[in-house]
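First the structure, in the form of structure tokens, and then the observations on it.
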Amino acid sequence: MDEAGRRAPIRKFVIFAAALIVAACGRAPSDPLEGLAVGERGRVVRVIDGDALVLSTGQSVRLIGIEAPAGPSRGREGEAGFEESKRALEDMALGREVELRYGGLTRDRYDRALAHVVTTDTLGPKYWLNAEMVKRGAARVRVYPDTAAANDLLLPLEVAAREEKAGLWKGRLWAITEADALPDTFQGFQVVEAVTSGMQGSDFRGVSCDVLLERSLLVLEIESAAAALCQMDPDTRIRARGYVRNLRMEITHPLNVEILEAP
């Protein structure tokens with residue numbers, strides 16, 4: 001075989017490999033919300049707070065999987081961090097076209113759409129707004145069982161935001177406290193760390209068990225959708241998140257309790 005004959009297969013291989021590279025480079029990145037039901041589109045005409053907005057269609061939307069400081073309501077002042085959180089969502093979304101993605105229940109009792117929200121126009125970068133709010137330290141993760149789809153992707157983003165002291169993580173406002181240091185009168189959404197000391201039954205409707213914590217009066221109220229957490233061993237180091245009232249933290253989904261390595 002002459003030199004040209006020997007080089008022909010090599011040229012064909014190089015061309016084939018180059019074609020594969022071009023195809024791979026041109027391939028669209030995977031959609032983290034793939035498989036969720038596609039909902040309405042509209043332009044964001046108002047941002048209520050860091051996890052709620054209104055579309056040009058008149059539809060109010062609650063961004064699922066996240067919890068942002070609430071604004072003023074019924075004579076009450078807005079929560080600390082409200083303005084910064086609201087501004088973060090306004091900067092990304094106000095005036096932009098967005099699309100709703102549903103991963104479960106689509107409406108709450110106030111007729112708000114419960115959705116992941118992605119921008120669809122060319123007025124700025126493409127954002128998955130729920131995730132971006134967590135990345136920017138403008139919202140924390142909060143998971144409900146009927147809207148839990150894709151929420152697991154948000155937790156690592158919160159860890160990174162906390163480590164980088166992004167947004168509201170940079171001060172003491174969102175500092176994660178030990179459960180035994182939480183004031184007895186505290187009420188509201190909180191993230192705490194603790195060591196479990198045991199489990200007991202509960203007489204509350206819809207509650208599978210109470211998880212007790214070392215050196216703390218705070219009790220984790222494990223609701224039915226999170227019943228697997230009742231099997232946690234004592235002496236388990238955890239990070240728990242939920243609404244606290246009367247020294248009881250409601251745990252609505254297994255993702256709201258992270259198992260940590262022992263120090």
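Below, each value reflects all heavy atoms present in this structure, side chains not excepted, and no hydrogens, waters or symmetry copies. Note that this is a predicted model, so its numbers are computed, not measured.
No chain of hydrophobic side-chain contacts below 4.5 Å, direct or via other Ile, Leu, Val, Met, Phe, Trp or Tyr residues, connects V141 to V257. Under the 4.5 Å side-chain heavy-atom criterion for ILVMFWY residues, a single connected hydrophobic cluster contains both I238 and L218.
R101 and D31 are joined by a salt bridge, as a carboxylate oxygen and a charged side-chain nitrogen come within less than 4.0 angstrom of each other. In summary, K170 and E84 engage in a salt bridge, as defined by a charged side-chain N under 4.0 Å from a carboxylate O. Using a cutoff of 4.0 Å between basic side-chain nitrogens and carboxylate oxygens, R241 and E258 are scored as salt-bridged. Looking at E99 and K126, no side-chain N of the basic residue comes within less than 4.0 Å of a carboxylate O on the acidic one, giving no salt bridge. Taking a cutoff of 4.0 Å between a charged side-chain nitrogen and a carboxylate oxygen, K86 and E79 do not qualify as a salt bridge.
Side-chain contact between W169 and E158 is present, with at least one heavy-atom pair separated by less than 4.5 Å. N130 has its side chain within reach of V117: a pair of non-hydrogen atoms, C-beta onward, lies under 4.5 Å apart. Side chains of M199 and M232 form no contact here, defined as non-hydrogen atoms less than 4.5 Å apart. Between L55 and V44, the closest side-chain pair of non-hydrogen atoms falls below 4.5 Å. Considering only heavy atoms from C-beta on, R107 comes within 4.5 Å of Y102 through its side chain. Counting heavy atoms from C-beta outward, D233 and T196 have side chains that stay 4.5 Å or more apart. Considering only heavy atoms from C-beta on, V191 comes within 4.5 Å of R239 through its side chain.
A cation-pi contact, defined as under 6.0 Å to the ring centre and within 45° of the axis, is absent between R62 and Y144.
Distance alone, capped at 3.5 Å, places no donor-acceptor pair between the T147 side chain and the G104 backbone. A donor-acceptor pair under 3.5 Å links the side-chain atoms of S224 to the main chain of G206, judged by distance alone. Side chain of N246 to main chain of R248: no donor-acceptor pair is present (N/O by atom type, distance under 3.5 Å, no hydrogens or angles). The main-chain N or O of P254 is never found under 3.5 Å from a side-chain atom of N256 such that the two would form a donor-acceptor pair.
E221 and Y243 share no donor-acceptor pair across their side chains, judged by distance under 3.5 Å alone.
Applying the disulfide bond (SG atoms under 2.5 Å apart) definition to pairs two or more places apart or across chains, those involving residues 194-248 are C209-C230.
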I would like to know whether R41 and E97 meet salt bridge (Lys or Arg N to Asp or Glu O under 4.0 Å); could you show each step before the answer?
CA-CA 7 Å; R41 288 193 176 199; E97 297 289 333; over 6 Å; no
